[in-house]
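As a basis for the values below, the full set of heavy atoms in this structure was taken, side chains included, without hydrogen atoms, waters or symmetry mates. Along the sequence shown, residues are numbered consecutively beginning with 1. Since we're looking at a predicted model, the values are computed, not measured.
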Amino acid sequence: TPLPRLGIDSEIEAIEEALGGIFEIQVQIASVLSLNQAVIEDGLWVHCSAHSLQGGRALIVEDGEDSLGEHAHAVPLPALEKLLRAGGGARCAFLFLSACESEHLAAAFFRAGVRNVIYCPTQVHDRRARDFASGLYAAIAAGLGLRQAFEKARIAAEVRGDEAQYGLMASAPLQLAESPGAPRCLPPVPRRPSLKRRVEDFVGRCDVVRAVLFYLGMRQRRIVLLHCDRPLGRSALLKEIAHLVSARGRRFAGPGRCAFLDTGEAPGGLLVADDLETLTEEERERVRRHLQVEGAQLLASSKARSAALAFEDDSKTMVVELNPLRPLEAVDLFLKRCQRQLLAEDVVKPADLGARDPKDEVPRDELLRLLVAPVREFAGVPGRIRRAVDDWVFRGSPTLYGEVAKLAHRPTLPTLP
């Protein structure tokens with residue numbers, strides 16, 4: 001089962017803003033190597049955002065510093081303890097282990113020598129953990145000791161309605177070595193001007209994304225083609241992948257490392273080209289010049305599998321097929337586009353309601369079950385789902401009376417001038 005993506009960029013931005021420039025933040029991919037190197041550096045402060053498995057008895061890490069997220073593996077608790085204790089143990093001053101149910105993992109770091117460890121013993125929402133971390137680091141930057149800053153952040157989380165719990169293992173008082181002094185203006189987080197905005201409510205496509213990342217991770221594969229001959233969201237998927245591979249800490253992060261053909265260049269990096277078969281001769285020449293640079297790769301989409309032949313030269317194009325959304329992915333998109341909670345009278349026909357209150361809010365698990373069949377009418381085409389639900393919302397989200405499938409066949413309203 002694919003793990004949910006962590007909002008790493010948002011977390012980094014929140015931490016940088018909270019610290020106000022007091023620390024220089026170095027972003028790396030969480031791998032066995034990078035984590036082991038970080039915890040043995042005396043006095044280092046480490047923030048690790050990751051997933052856990054098996055009730056917190058395994059930590060999910062990626063393969064290495066060049067990882068694009070295509071591979072990850074679980075490090076069981078005994079293996080983690082063995083790694084941390086080797087060579088004299090850990091020596092870093094602080095670790096924030098931002099992972100669900102991470103008490104056992106935190107204890108392993110603490111026993112190995114990390115002097116102070118913050119962890120989440122319960123399930124925690126990505127955004128909630130980010131808010132807690134922001135509050136913690138802001139208090140530390142203001143000059144509070146770790147215990148006081150932790151209590152401030154914990155109480156603030158309770159007041160916000162955060163149901164997660166947070167824990168602290170501490171062997172000695174910890175505070176910044178120097179007084180924070182006068183506040184400093186934090187320079188803005190560098191943006192990625194060559195990247196197009198992500199599509200709202202992007203869902204699914206985990207298998208396709210994983211395949212594309214796998215081929216891009218093989219540096220000798222210079223051309224990866226996303227192929228489908230129907231409008232199944234090629235452009236949206238290209239934008240999503242471009243943002244994933246250029247996230248801070250990844251190989252295509254930084255200015256000029258990843259760009260769309262019509263908005264910039266990425267010499268020696270990743271160039272993204274949509275609708276490859278429609279390129280002008282000038283654009284084709286730009287792609288050829290790009291591929292002549294050592295290390296350069298091309299991620300493209302096309303309706304025709306043969307569209308990349310003009311650029312192959314001595315390279316083999318890796319073709320990844322884009323298929324319609326799976327049923328549960330289609331339902332997920334349908335629900336994300338709705339702007340109100342669906343009620344029983346929306347998803348159950350009047351004759352089948354029985355004693356149920358028509359105004360009952362239907363739980364998500366039940367909605368996923370009830371909507372799979374009617375949403376099949378959209379044939380897994382993301383654009384059809386978006387247009388139909390948006391049209392329904394535009395009309396005031398009238399009661400559906402169990403006829404959700406009819407949305408797939410209703411002519412959309414004319415666009416207002």
Side-chain angles (χ1 to χ4, degrees), residues 1-5 68-72 196-218 221-245 260-261 270-279 297-309 311-312 315-338 364 367-390 404-405 407-409 412:
T1 303
L3 294 168
R5 294 172 187 155
L68 294 176
E70 71 276 21
H71 289 304
K196 299 180 179 180
R197 180 178 60 85
R198 276 173 154 151
V199 172
E200 291 182 358
D201 302 324
F202 183 89
V203 300
R205 306 303 199 190
C206 291
D207 291 344
V208 178
V209 171
R210 190 179 299 114
V212 171
L213 296 183
F214 173 76
Y215 290 131
L216 290 177
M218 302 169 63
R221 298 304 186 193
R222 297 196 300 153
I223 304 174
V224 181
L225 181 69
L226 187 63
H227 169 257
C228 66
D229 54 9
R230 299 165 56 196
L232 295 177
R234 292 190 309 271
S235 300
L237 185 52
L238 285 183
K239 295 172 186 175
E240 186 71 16
I241 293 173
H243 278 268
L244 289 175
V245 301
F260 279 80
L261 177 63
L270 180 66
L271 189 65
V272 184
D274 201 1
D275 293 324
L276 199 61
E277 71 278 7
T278 67
L279 299 187
Q297 291 179 287
L298 172 68
L299 172 62
S301 75
S302 177
K303 296 179 181 178
R305 293 174 62 95
S306 60
L309 291 177
F311 309 103
E312 282 194 344
S315 303
K316 178 182 179 181
T317 299
M318 309 309 296
V319 179
V320 179
E321 295 291 338
L322 180 59
N323 296 312
L325 290 174
R326 294 173 178 174
L328 286 179
E329 293 175 341
V331 174
D332 189 20
L333 177 58
F334 185 96
L335 293 176
K336 285 180 181 293
R337 299 305 291 180
C338 292
R364 179 178 173 82
L367 286 173
L368 291 176
R369 177 175 56 82
L370 291 174
L371 293 176
V372 164
V375 170
R376 287 185 190 275
E377 293 296 315
F378 293 98
V381 180
R384 288 187 63 189
I385 298 173
R386 290 174 182 274
R387 289 189 294 271
V389 179
D390 292 352
V404 173
L407 290 179
H409 306 290
T412 57

Run the side-chain contact (heavy atoms from CB on, under 4.5 Å) check on Leu213 and Val245 step by step: do they pass? CA-CA 8 Å; Leu213 296 183; Val245 301; 3.3 Å; yes
Please name all residues satisfying side-chain hydrogen bond (donor to acceptor under 3.5 Å, both in side chains) with Arg337, sequence neighbours left out, ordered by chain then number. Asp201, Asp390
Test side-chain hydrogen bond (donor to acceptor under 3.5 Å, both in side chains) applied to Ser306 - qualifying residues, sequence neighbours left out: none
Which heavy-atom pair separates [X] from [Y] by the least distance, and what is that distance?
X      : Y      : value
Ala388 : Phe378 : CB-CE2, 3.4 Å
Ser302 : Leu225 : CB-CD1, 3.8 Å
Pro382 : Gly380 : CD-O, 3.3 Å
Leu368 : Val372 : O-CG2, 2.9 Å
Pro324 : Leu232 : N-CD1, 3.7 Å

Starting at [atom1] of [X], measure out to [atom2] of [Y] and round the result to the nearest 0.5 Å.
X      : Y      : atom1 : atom2 : result
Glu329 : Phe202 : CD    : CZ    : 8.5 Å
Glu200 : Leu333 : CD    : CG    : 11.5 Å
Leu298 : Arg221 : CG    : CZ    : 14.5 Å
Leu299 : Leu270 : CG    : CG    : 5.5 Å
Arg387 : Leu407 : CZ    : CG    : 13.5 Å

Backbone N or O of Val319 within a donor-acceptor pair of the Thr317 side chain at under 3.5 Å? no
Backbone of Leu216 reached by a side-chain donor or acceptor of Gln297 within 3.5 Å: yes
Are Glu277 and Lys303 within salt-bridge range, i.e. N to O under 4.0 Å? no
Taking side chain to side chain contact (heavy atoms under 4.5 Å, CB included) as the test, write out the residues that go with [X], two or more places apart.
X      : value
Val199 : Ala236, Lys239, Arg386
Ala405 : Pro374, Glu377
Ala330 : Leu325, Val375, Ile385
Pro231 : none

Under the salt bridge (Lys or Arg N to Asp or Glu O under 4.0 Å) test, residues paired with [X] that sit two or more places apart:
X      : value
Asp332 : Arg364
Arg234 : Asp275
Arg384 : none

Criterion side-chain contact (heavy atoms from CB on, under 4.5 Å) on Val272 and Leu261, from CA distance to verdict: CA-CA 6 Å; Val272 184; Leu261 177 63; over 6 Å; no
Does a side-chain heavy-atom distance below 4.5 Å link [X] with [Y]?
X      : Y      : answer
Ile223 : Phe311 : yes
His227 : Ser301 : no
Arg205 : Glu240 : no
Asn323 : Cys228 : no
Arg230 : Val381 : yes

Does Phe260 form a side-chain contact (heavy atoms from CB on, under 4.5 Å) with Asp274? I'd like the steps, not just the answer. CA-CA 8 Å; Phe260 279 80; Asp274 201 1; 5.6 Å; no
Carefully, step by step, assess Val209 and Leu237 under the rule side-chain contact (heavy atoms from CB on, under 4.5 Å). CA-CA 8 Å; Val209 171; Leu237 185 52; 3.7 Å; yes
Salt bridge (Lys or Arg N to Asp or Glu O under 4.0 Å) contacts in which one or both residues fall within residues 317-326, not counting sequence neighbours: Asp207-Arg326, Arg305-Glu321
